[in-house]
Amino acid sequence: MSRIVKHPAIALLDSGITFKEVRQIHAKLYVDGTLKDDHLVGHFVKAVALSDHKYLDYANQILDRSEKPTLFALNSMIRAHCKSPVPEKSFDFYRRILSSGNDLKPDNYTVNFLVQACTGLRMRETGLQVHGMTIRRGFDNDPHVQTGLISLYAELGCLDSCHKVFNSIPCPDFVCRTAMVTACARCGDVVFARKLFEGMPERDPIAWNAMISGYAQVGESREALNVFHLMQLEGVKVNGVAMISVLSACTQLGALDQGRWAHSYIERNKIKITVRLATTLVDLYAKCGDMEKAMEVFWGMEEKNVYTWSSALNGLAMNGFGEKCLELFSLMKQDGVTPNAVTFVSVLRGCSVVGFVDEGQRHFDSMRNEFGIEPQLEHYGCLVDLYARAGRLEDAVSIIQQMPMKPHAAVWSSLLHASRMYKNLELGVLASKKMLELETANHGAYVLLSNIYADSNDWDNVSHVRQSMKSKGVRKQPGCSVMEVNGEVHEFFVGDKSHPKYTQIDAVWKDISRRLRLAGYKADTTPVMFDIDEEEKEDALCLHSEKAAIAFGIMSLKEDVPIRIVKNLRVCGDCHQVSMMISKIFNREIIVRDRNRFHHFKDGHCSCNGFW
DNA sequence: ATAGGGTTAG
């Protein structure tokens with residue numbers, strides 16, 4: 001048997017390479033006879049196939065010219081396809097192995113890549129078949145395969161199966177345990193994930209990252225940051241991947257100071273700023289309301305991908321800079337970056353916040369016509385919102401009637417909000433009824449419906465709505481505001497008195513109320529009627545969570561520091577008005593991120609111009 | 001000659 005020496009030209013293919021170069025190398029190898037050796041063809045096929053998904057078809061052509069493809073070459077094709085956009089093609093090459101008669105037999109590599117292909121496909125049946133096959137062929141004791149199966153079942157959402165596989169392994173190594181930590185966290189059992197993590201005899205940086213991202217992905221951002229601190233205490237080396245999860249936790253919390261600290265940590269420790277990491281930074285600053293900094297990072301990036309552009313576009317739309325969002329979208333296209341379905345959600349929202357109906361419609365149409373993207377439910381939702389906000393309620397209704405899929409509650413919710421804003425009782429009633437058909441327990445729909453009736457002084461119906469709400473036992477998701485002061489995250493719940501400085505907050509709020517009343521403020525009582533429980537209403541000190549947060553901000557932050565609040569629900573009309581007034585009376589900038597967008601309150605105005 | 005666990009946008 002001859003020794004296999006890799007051709008130097010093949011080594012060139014390891015890094016990013018243009019198609020032209022691939023062809024040149026191919027020609028060279030053909031001419032010098034290298035491709036007569038099937039083993040070397042295997043090398044070449046692997047190098048081409050793995051260097052870029054775009055070259056997969058070409059790699060296949062090379063393979064087809066091979067007299068007898070080697071198992072290595074076919075495995076390489078399976079491997080390259082299983083992480084491509086078309087994992088199903090992996091099975092074509094598996095069939096080629098099987099149809100080669102006795103010449104070739106699937107080995108542990110083959111099954112491992114097939115398991116990964118199933119993971120990419122997220123197809124239960126296929127996954128189960130491949131699992132059965134690994135057992136039949138006796139590869140279910142292979143640690144790589146076992147770990148792959150755990151990841152597969154996690155992707156399928158079958159936590160039970162993950163446990164079965166995991167429990168069948170007598171002594172799982174730390175790679176396998178890490179996969180299991182991720183599997184549990186993704187499938188919703190973050191408590192067990194933590195238990196496994198704590199029980200690991202050996203934890204490398206990847207295991208730590210799995211735990212941090214596990215918490216970040218289920219929204220337990222504070223615990224994610226806690227684990228990150230533990231990681232540092234233990235002296236584990238932190239890398240860029242961990243920092244992505246850390247930044248993402250800060251983003252969720254709206255913890256700008258901690259996010260800034262993480263950013264400087266990255267720079268201090270010379271952690272390589274990849275496109276992904278920088279994109280996360282753009283998202284961090286955008287979602288913490290510091291759009292200037294977000295764009296500074298964005299423009300500073302040498303390489304940007306569709307995620308990067310989409311983050312920036314989303315940030316601009318969320319922060320109310322609709323026109324800038326649309327300008328940036330043009331630049332994106334000029335730059336040759338192809339927008340995808342996610343990008344269009346941000347673009348359509350950008351149009352929405354500035355009321356550019358026609359332009360929004362044009363972009364919507366361009367999805368299919370120019371980019372071949374079939375608009376999804378979300379896009380129709382944006383379109384309805386676009387027309388509804390602009391007051392074109394009838395157009396919004398006709399879109400809902402004509403959309404090719406069943407409208408979801410959010411679509412009706414857009415119409416409902418707009419109906420109230422434009423005082424269209426009839427449509428408001430229709431929208432809330434439709435909304436409640438879809439989500440019987442939607443507190444917001446009841447509140448808005450009752451507000452609509454209250455607006456038109458229809459008190460019979462107000463009490464009717466109220467009763468049906470009670471009889472159905474609808475409970476409000478408790479309002480919660482989060483605010484960071486001196487790098488510490490404070491949480492405020494509606495009517496909650498547990499904050500250590502509650503007494504002081506209460507006193508400050510009383511002072512604020514007094515000055516608001518002096519300035520002519522009258523409480524908007526309609527939302528109050530339904531936004532709070534009986535018990536709370538009797539309590540003179542009841543505050544929506546953002547009011548408590550604002551009071552705490554005023555007493556804890558210097559005057560020139562903006563008060564930044566993240567809220568889990570939409571801001572109510574009363575809080576919105578109060579925030580505008582406080583921004584003027586106290587000369588404070590208040591930045592509230594609610595469920596959907598930002599409100600930048602300054603000098604008595606809000607960036608949303610009353611549309612939210 | 002090849003393989004398993006962690007990461008970004010709605």
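Proteins come first, then strands; the chains are lettered A, B, ... in the order of their sequence lines, and each starts at number 1.
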* Out of B:dG4, B:dT8, B:dG5, which nucleotide sits closest to the side chain of A:A179? -> B:dG5

* Got a donor-acceptor pair under 3.5 Å from the side chain of A:N209 to the base of B:dG5? -> no

* Less than 3.5 Å between a donor and an acceptor, one on the side chain of A:N239 and one on the base of B:dG6, is that the case here? -> yes

* To do: Just call it for A:A207: base, sugar-phosphate, or nothing, with non-hydrogen atoms closer than 4.0 Å on any strand.
  => base

* Nearest to the side chain of A:Y109, which nucleotide is it out of B:dT2, B:dT7, B:dG10? -> B:dT2

* Could you check whether the rings of A:F344 and A:H363 sit parallel, tilted or perpendicular, using 30° and 60° as the cut-offs? => tilted

* Side chain of A:V345 only, please: which of B:dG6, B:dG10, B:dT8 is the nearest? => B:dG10

* Can you tell me the distance, in whole Å, between the CD atom of A:Q116 and the C1' atom of B:dT2? => 11 Å

* **Residue list, side-chain hydrogen bond (donor to acceptor under 3.5 Å, both in side chains) with A:E323, at least two apart or on another chain** => none

* Asked: Has the side chain of A:N340 got a donor or acceptor that lies under 3.5 Å from a partner of the other kind on the base of B:dA9?
  -> yes

* In terms of the angle between their ring planes, are A:Y109 and A:F113 parallel, tilted or perpendicular, with boundaries placed at 30° and 60°? -> tilted

* In whole angstrom, give the distance that lies between atom CG of A:L281 and atom P of B:dA9. => 12 Å

* Nearest-Å distance for atom pair CZ/P, residues A:F72 and B:dT2 -> 7 Å

* Which part of the nucleic acid, if any, lies within reach of A:D283 when heavy atoms closer than 4.0 Å are counted: base, sugar-phosphate only, or nothing? -> sugar-phosphate

* To do: Test for a donor-acceptor pair under 3.5 Å between the base of B:dG4 and the side chain of A:D142, counting only N and O atoms.
  => no

* Asked: Would you say the side chain of A:S311 and the base of B:dA9 hold a donor-acceptor pair, judged only by whether the two atoms sit under 3.5 Å apart?
  -> no

* Structure fact -> To the nearest angstrom, the CZ-C1' distance between A:F298 and B:dA9 comes to 12 Å

* Asked: Nearest to the side chain of A:T182, which nucleotide is it out of B:dG4, B:dG6, B:dT7?
  -> B:dG6

* **B:dA9 phosphate, OP1 or OP2, under 4.0 Å from A:N314 side-chain N/O** => no

* To do: Tell me whether the OP1 or OP2 atom of B:dT7 has a side-chain N or O from A:Q217 closer than 4.0 Å.
  => yes

* Which of the following nucleotides, B:dG10, B:dT8, B:dG4, is nearest to the side chain of A:Q376? -> B:dG10

* To do: Using only side-chain N and O atoms of A:S213, determine if any of them is under 4.0 Å from OP1 or OP2 of B:dT7.
  => yes

* **Closest listed nucleotide, where the reference is the side chain of A:I244 and the choices are B:dG10, B:dA1, B:dT7** => B:dT7

* **Of A:V190, A:V191, A:L196, the residue whose pairing with A:C184 passes side chain to side chain contact (heavy atoms under 4.5 Å, CB included)** => A:L196

* Structure fact -> With the side chain defined as heavy atoms from C-beta on, A:P143 is closest, among B:dG6, B:dG4, B:dG10, to B:dG4

* A:R186 side chain N/O closer than 4.0 Å to the phosphate oxygens (OP1, OP2) of B:dT7? -> yes

* Asked: Would one find a side-chain N or O of A:K287 under 4.0 angstrom from OP1 or OP2 of B:dG10?
  -> yes

* Could you tell me whether A:N596 contacts a base, only the sugar-phosphate backbone, or nothing, with contacts defined as non-hydrogen atoms closer than 4.0 Å? => nothing

* To do: Let me know the distance between CZ of A:R79 and C1' of B:dG4, rounded to the nearest Å.
  => 12 Å

* Give A:F344 one of three labels, base, sugar-phosphate or nothing, depending on what nucleic acid heavy atoms sit under 4.0 Å from its own. => nothing

* Round to a whole Å and report the spacing from NZ of A:K83 to P of B:dT7. => 13 Å

* To do: Starting from P on B:dG6, measure out to CZ on A:R177 and report it in whole angstrom.
  => 17 Å

* Asked: Atom CZ of A:F329 to atom P of B:dG10: distance rounded to whole Å?
  -> 16 Å

* To do: Decide yes or no, distance alone: a donor-acceptor N/O pair under 3.5 angstrom between the base of B:dA3 and the side-chain of A:N75.
  => no

* How is A:T308 classified with respect to the nucleic acid when contacts are heavy atoms under 4.0 Å: base, sugar-phosphate, or nothing? -> nothing

* To do: State whether the aromatic ring of A:H144 stacks on the base of B:dA3, taking stacking to mean ring centres under 5.5 Å apart and ring planes under 30° to each other.
  => yes

* Asked: Do we get A:R203 above A:F197's six-membered ring, with its NZ or CZ under 6.0 Å from the centre and within 45° of the axis?
  -> yes

* pair A:M77-A:R96: side-chain heavy atoms closer than 4.5 Å -> no

* Structure fact -> Hits for ring-ring contact (aromatic ring centres under 6.0 Å, His included) against A:H417, two or more places apart or cross-chain, chain-then-number order -> none

